A.B. asks: 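Just dropping this structure here.
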Amino acid sequence: MKKFVNKPEDFVPEFMQGILAANPDLLEGNLEFQMVKRKDRPVDNKVSIVQGSGSGHEPAHVMAVGPGMLDGACQGPVFAAPPVDACYETIKALATPAGVLVLVNNYQGDRMAWDTAVELAQAEDIKVDQFLINDDVAVKDSLYTVGRRGVAGNFFVMKACGAAAEEGKSLDEVKAVAEKVNNNVRTMGVALTSCIPPAKGSPIFDIGDDEMEVGVGIHGEPGRERAKITSADEITKTLFDAVADDLPFENGDRVALMVNGLGGTPPAELYVLYNKAAQLCEERGLTVVRNYVGEYCTSLEMAGASITLLKLDGELETYLDAPAETAARIF
Amino acid sequence: MKKFVNKPEDFVPEFMQGILAANPDLLEGNLEFQMVKRKDRPVDNKVSIVQGSGSGHEPAHVMAVGPGMLDGACQGPVFAAPPVDACYETIKALATPAGVLVLVNNYQGDRMAWDTAVELAQAEDIKVDQFLINDDVAVKDSLYTVGRRGVAGNFFVMKACGAAAEEGKSLDEVKAVAEKVNNNVRTMGVALTSCIPPAKGSPIFDIGDDEMEVGVGIHGEPGRERAKITSADEITKTLFDAVADDLPFENGDRVALMVNGLGGTPPAELYVLYNKAAQLCEERGLTVVRNYVGEYCTSLEMAGASITLLKLDGELETYLDAPAETAARIF
Amino acid sequence: MATISLSTIEQGIDTTADTVIRNESYFSDLDGLAGDGDFGTSLATGFKVIKKDLPDLDKSDIGTMLLKISMIVSKHVGGSSGPIWGTGFMKAAMPTKGKSELTLQEFADAIGNAVDGIMARGGAKLGDKTLLDAVIPVAEKLKDHAEKGTEDLAEVLKDCATIADGAVETTRSLVAHRGRASQVGERSANTPDPGIVAIATILADWCKANSVEYTPAAPEVAKASA
Amino acid sequence: MATISLSTIEQGIDTTADTVIRNESYFSDLDGLAGDGDFGTSLATGFKVIKKDLPDLDKSDIGTMLLKISMIVSKHVGGSSGPIWGTGFMKAAMPTKGKSELTLQEFADAIGNAVDGIMARGGAKLGDKTLLDAVIPVAEKLKDHAEKGTEDLAEVLKDCATIADGAVETTRSLVAHRGRASQVGERSANTPDPGIVAIATILADWCKANSVEYTPAAPEVAKASA
Ligand SMILES: Nc1ncnc2c1ncn2[C@@H]1O[C@H](COP(=O)(O)OP(=O)(O)O)[C@@H](O)[C@H]1O
Ligand SMILES: Nc1ncnc2c1ncn2[C@@H]1O[C@H](COP(=O)(O)OP(=O)(O)O)[C@@H](O)[C@H]1O
Ligand SMILES: [Mg+2]
Ligand SMILES: [Mg+2]
Ligand SMILES: [Mg+2]
Ligand SMILES: [Mg+2]
């Protein structure tokens with residue numbers, strides 16, 4: 001297992017302690033519940049935005065806490081929803097008269113944990129609502145399944161809701177923002193390699209030297225197909241078309257374009273993909289107003305990437321422009 | 001080769017085009033010479049800071065161009081210094097009456113290319129000087145070799161010089177800043193896996209499943225020793241002690257602490273290392289004033305990390321605090 | 001009349017913990033086939049705490065003990081398994097509060113209550129290829145025996161183990177409709193559901209612990225059973 | 001007196017291009033042993049352009065042709081090899097400007113000038129385990145032959161190939177003092193220097209191209225030579 005890890009069971013608490021140690025002014029944590037929150041939140045007249053999901057997706061979730069983004073987040077074990085108590089304590093820690101909005105990525109584990117936690121909190125008269133994010137186009141939506149997965153598009157939901165909450169919008173208004181973003185954001189990813197959850201100690205799936213998993217989930221879930229690796233341009237086109245056809249995005253749309261690295265893919269390769277994706281936007285008549293190239297939602301050390309498109313309007317552009325700060329930073 | 005790549009020979013120009021496409025307001029490029037520069041530079045009364053090195057280290061070099069950082073950069077093929085002409089054209093493109101400072105990482109290829117380019121530019125009466133960065137403690141310095149390598153500490157030299165130049169400092173003054181940073185910065189890295197240069201198509205070195213290369217260079221150069229992989233804490237201590245003993249850093253010092261990912265290591269693991277490194281700082285009585293956890297100088301998709309310490313004083317702290325913006329960004 | 005004592009249930013839980021802890025990586029591997037490979041670890045994390053805390057848990061009555069176990073699960077078990085098993089224990093705790101032994105009918109009612117709770121929490125029903133495909137028929141078989149007035153608990157246990165074991169086979173070819181595995185569509189067909197394997201293994205191990213002879217039929221259960 | 005024509009030099013450069021292009025990955029592999037594995041690619045990148053442009057290059061005289069080649073190298077070759085080979089060609093171009101054929105003495109002088117330029121550029125000297133360990137003795141041998149007035153160029157070429165080939169062995173056990181390999185300390189001992197191998201291979205291939213019988217001794221040169 002080629003990883004920096006001490007005892008596998010300490011991996012998640014230790015990296016969270018690292019995040020807290022690196023951001024003493026911004027963040028405070030509660031190790032018992034694997035929770036991270038803004039030091040200066042909650043405040044009475046602002047809606048708190050929270051999230052909690054399995055870990056292994058950093059900087060998603062606990063590293064996305066900060067002004068203009070999440071007010072708090074908790075994390076479960078690698079790739080597993082947080083325990084119910086963690087969700088409940090997170091809601092409680094960020095409770096305000098303005099309310100708490102929980103942004104739930106659409107996985108059954110997360111949903112059940114947050115459903116339970118929200119019920120518990122509401123029973124204690126905490127004002128709290130939740131919203132489901134499901135931007136992954138890889139897998140068909142269906143009434144007979146849990147439905148589409150929430151993946152890197154989550155970033156845009158957090159960003160827009162964070163900005164709307166900072167503006168002082170009400171719980172219902174912020175939830176409407178979440179809905180607008182989610183309705184307009186689509187993602188698909190591809191994996192070139194598997195990843196190794198520290199507790200498992202072995203790859204989460206087998207994949208041949210010349211194979212890729214198209215439409216992979218961020219927990220290594222199978223996607224649309226197992227295919228031979230092709231050129232970067234062809235891969236980009238496959239992902240991009242799946243994403244752009246889904247909404248669909250149309251000539252004249254203003255968009256945000258994200259190329260997200262899954263953890264093991266270095267910046268240079270992501271820009272090779274971005275280069276092609278930007279061309280494909282142009283071919284479809286989509287104007288890229290903002291772009292995001294880097295790691296936003298990883299799958300441990302998986303080599304791979306996802307492409308996300310968000311259709312913008314004036315309101316959403318304002319939210320993306322708004323200042324924000326998280327534990328993921330450069331300077 | 002599990003990489004996003006079209007034709008291997010197009011890898012470097014294509015990712016550079018991606019960087020340019022993603023930053024149309026900030027940057028302009030010259031593909032013939034693999035050069036990237038700030039759109040709004042040079043200006044007459046400011047020293048221009050430039051750099052050029054092999055590619056494959058992103059966001060180092062061409063992605064480090066922007067306000068408060070580099071004014072321009074050129075890149076060579078993966079892991080090879082840029083051709084002489086590229087260096088010369090970069091100096092010329094950023095030439096100003098205030099002068100150009102070239103920050104050269106101490107590799108013979110870079111040195112020779114820049115020496116030649118600087119001579120050519122000076123022959124044309126361009127005001128230009130250069131400074132050598134050599135922060136890697138892995139390999140003993142010696143009169144009989146090219147000397148210590150320049151690695152992730154380069155970030156701090158660029159940041160401080162960028163800030164000093166923005167302040168309007170003279171060429172000599174900015175060079176003195178570079179010297180101060182370089183005298184006070186030390187780095188050592190470790191690799192868990194090799195990387196695959198696209199043109200080579202195979203790993204740059206062989207390494208066993210349970211092995212790591214301690215003191216690895218960012219081009220896969222061998223380091224201090226090939227050892228069995230140990231726990232994250234032990235690895236951190238090995239790197240940290242090598243770095244901290246070298247200057248040496250002493251009780252009471254104020255420092256910047258960087259945990260740099262080599263490309264294939266995801267954020268969560270870097271924070272496991274940071275967690276321990278921060279503890280080790282505390283044990284030595286070092287106050288971490290600023291910290292940096294992420295990818296600053298990669299080695300393609302190599303799994304691994306380096307630890308950098310920079311001893312601060314009031315002046316350097318001001319430079320690190322100064323605003324900066326590059327193609328590597330989050331929001 | 002056949003009754004089930006607190007200590008029998010306590011012993012059953014202890015046996016369950018052993019089963020789950022021993023199979024941590026195997027259950028995760030099974031989950032990796034169509035899911036995300038965390039089932040074994042998630043469950044084991046909770047049952048390690050349960051195993052450790054069980055001797056000193058508040059055992060005033062069966063319901064209290066089960067509620068405490070539910071609380072451990074809520075605090076320590078992540079993934080879908082946390083809410084599913086936590087809800088299961090919590091709902092089983094409700095009708096058993098204040099009781100230090102249960103008739104077979106009361107036991108069947110508690111399991112039935114747990115099943116209802118899990119269905120309400122996760123929205124799964126029979127045939128969705130979740131552990132409910134093992135637990136629902138087991139709950140019904142318990143009700144049958146209770147209504148028939150079966151005295152031989154060994155017979156009851158063996159019947160339950162057989163039913164759960166059989167569910168591994170009967171659901172194997174299905175496409176999952178709930179859980180992470182449901183998000184991979186057709187690709188979940190022809191893999192066993194790890195939750196069903198876990199329930200069947202637990203029951204097989206209960207047989208062993210109570211000297212009830214039972215030989216698992218599903219290869220996964222045979223492999224996982226002590 | 002033995003003279004070397006522009007077209008002989010042109011053909012030598014063409015042969016060199018073939019050698020370098022064919023060994024792109026082998027030379028890189030050798031560089032990977034103690035260096036950074038880019039030597040073959042760096043050099044081949046430039047020689048691909050040279051190979052393509054050579055027929056149409058300005059060949060007014062030898063110096064002009066060599067200067068154009070130096071410019072191609074400066075534009076296209078990265079790594080240490082860019083300045084080293086670029087300087088070499090540029091310095092060889094200087095004394096050969098205006099000449100369309102060279103005496104052996106003039107040829108020796110041109111190579112000597114290249115050696116001096118490379119030494120000044122990179123600071124390496126004999127024994128630092130760089131290609132100079134092949135080129136310096138070759139330059140000296142050329143001078144000797146020129147002074148002796150050797151007429152048989154085949155003999156001269158074979159001598160040069162032998163010397164360069166021998167340098168692979170004599171330097172193998174040394175620790176590199178220049179280049180990337182110098183930054184790994186003791187670990188560069190017992191690996192052949194790729195630059196020396198390249199020079200020896202080029203000379204061995206020149207022998208072949210000129211029907212001079214020569215069998216390389218160093219296994220790396222034997223492997224790399226056409
Ligand atoms: N909605 C549900 N109701 C009951 N059991 C379920 C449900 N969804 C999944 N399961 C069971 O849980 C198991 C998976 O648990 P776990 O791996 O913890 O969940 P996750 O899908 O969140 O990773 C499945 O094998 C299945 O038997
Ligand atoms: N200072 C020097 N002078 C002459 N030749 C050198 C010098 N340094 C290195 N070389 C030669 O160049 C070769 C390596 O070239 P290359 O791989 O392009 O350089 P780099 O070390 O920059 O990767 C070495 O094998 C050696 O023969
Ligand atoms: Mg899970
Ligand atoms: Mg090189
Ligand atoms: Mg699972
Ligand atoms: Mg090299």
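Quick caveat, the model's predicted, so the values are computed rather than measured. Naming convention: chains lettered A, B, ... in sequence-line order (proteins, then strands); numbering from 1 in each chain.
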A.B. asks: Between N6(B) (side chain) and D233(A) (backbone), is there a donor-acceptor pair under 3.5 Å?
C.D. replies: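 Yes.
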A.B. asks: Counting only heavy atoms closer than 4.5 Å, note whether E325(A) contacts chain B via side chain, backbone, both or neither.
C.D. replies: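 Looking at E325(A), just its backbone touches chain B.
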A.B. asks: Between chain A and each of A278(B), A324(B), G294(B), count heavy-atom pairs under 4.5 Å; write down the option with the most.
C.D. replies: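 The candidate making the most pairs under 4.5 Å is A324(B).
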A.B. asks: As an exercise: rank S299(A), G304(A), P13(A), A277(A) by heavy-atom pairs under 4.5 Å with chain B and give me the winner.
C.D. replies: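 Highest number of heavy-atom pairs under 4.5 Å: G304(A).
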A.B. asks: Measure the shortest side-chain to side-chain distance between F4(A) and I235(B) over non-hydrogen atoms and say whether it is less than 4.5 angstrom.
C.D. replies: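 Yes. Closest side-chain heavy atoms under 4.5 Å.
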A.B. asks: Any idea which heavy atoms bring Q17(A) and N275(B) closest together, and the distance?
C.D. replies: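 Residues Q17(A) and N275(B), closest heavy atoms: CB-OD1, 3.4 Å.
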A.B. asks: Tell me if a side-chain donor or acceptor on Y296(A) pairs with a main-chain N or O of I330(B) at a distance below 3.5 Å.
C.D. replies: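 Indeed, once roles are kept as given, a pair shorter than 3.5 Å links the two residues.
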A.B. asks: How long is the gap from CZ on F15(B) to CG on L273(A), to the nearest 0.5 Å?
C.D. replies: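 Interatomic distance, F15(B) CZ to L273(A) CG, rounded to 0.5 Å: 13.0 Å.
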A.B. asks: Could you tell me whether the side chain of E301(B) and the main chain of T265(A) form a donor-acceptor pair under 3.5 Å?
C.D. replies: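 Looks like no, no N/O pair under 3.5 Å.
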A.B. asks: Specify which of E269(B), M212(B), K3(B), H57(B) makes the most heavy-atom pairs with chain A at under 4.5 Å.
C.D. replies: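 Between E269(B), M212(B), K3(B), H57(B), the count favours E269(B).
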A.B. asks: As an exercise: rank P323(B), A21(B), A22(B) by heavy-atom pairs under 4.5 Å with chain A and give me the winner.
C.D. replies: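 Counting heavy-atom pairs under 4.5 Å, the top option is A22(B).
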A.B. asks: Looking only at non-hydrogen atoms, find the nearest pair between T298(B) and P267(A) and report the distance.
C.D. replies: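 What the structure gives for the nearest pair is CG2-CD, 4.4 Å.
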A.B. asks: Would you call R329(A) and N291(B) a side-chain contact if the rule is heavy atoms closer than 4.5 Å?
C.D. replies: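 Counting from C-beta outward, R329(A) and N291(B) do come under 4.5 Å.
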A.B. asks: Heavy-atom pairs under 4.5 Å with chain B are the metric here; pick the option from V190(A), V78(A), I19(A) that has the most.
C.D. replies: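 Ranked by contacts with chain B, first place is I19(A).
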A.B. asks: Are the side chain of K2(A) and the backbone N or O of L192(B) linked by a donor-acceptor pair below 3.5 Å?
C.D. replies: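 Yes; judged by distance alone, with no hydrogens or angles, the pair exists.
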A.B. asks: With chain A, which of A328(B), P266(B), P59(B) has the greatest number of heavy-atom pairs at distances under 4.5 Å?
C.D. replies: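 Highest number of heavy-atom pairs under 4.5 Å: P266(B).
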A.B. asks: Dump the intermediate steps for side-chain contact (heavy atoms from CB on, under 4.5 Å) on E295(B) and E295(A), then the final yes or no.
C.D. replies: CA-CA 10 Å; E295(B) 289 174 345; E295(A) 290 174 345; 4.1 Å; yes
A.B. asks: Are more than 12 heavy atoms from other residues, nucleotides or ligands located less than 6.0 Å from atom CG of D209(A)?
C.D. replies: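 Atom CG in D209(A) is not crowded, with 12 or fewer foreign heavy atoms closer than 6.0 Å.
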A.B. asks: Nearest 0.5 Å, please: how far is CG in L270(B) from CD in E58(A)?
C.D. replies: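 Result: 10.5 Å between the selected atoms.
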A.B. asks: If you count heavy-atom pairs within less than 4.5 Å of chain B, which of M1(A), M302(A), E211(A) leads?
C.D. replies: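 Most pairs with chain B among the choices: E211(A).
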A.B. asks: For K276(A), which atoms come within 4.5 Å of any heavy atom of chain B: side chain, backbone, both, or neither?
C.D. replies: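 K276(A) has no heavy atom closer than 4.5 Å to chain B.
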A.B. asks: For A305(A), which atoms come within 4.5 Å of any heavy atom of chain B: side chain, backbone, both, or neither?
C.D. replies: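 Both parts, heavy atoms under 4.5 Å.
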A.B. asks: Is there side-chain contact between F331(A) and F155(B), with at least one heavy-atom pair below 4.5 Å?
C.D. replies: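 Answer yes - side chains close enough.
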A.B. asks: Considering all heavy atoms of both residues, which atom of F11(A) and which atom of A268(B) are nearest to each other, and what is their separation?
C.D. replies: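 Shortest heavy-atom contact: CZ-CB, 3.8 Å.
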A.B. asks: What part of M69(A) lies closer than 4.5 angstrom to a heavy atom of chain B: side chain, backbone, both or neither?
C.D. replies: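 Contact with chain B is through the side chain of M69(A) alone.
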A.B. asks: Is there a side-chain contact between M63(B) and Y271(A) (heavy atoms, below 4.5 Å)?
C.D. replies: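 Yes - at least one pair of side-chain heavy atoms lies under 4.5 Å apart.
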A.B. asks: Under 4.5 Å from any heavy atom of chain A, what part of K7(B) do you find: side chain, backbone, both or neither?
C.D. replies: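 For K7(B), neither part sits under 4.5 Å from chain A.
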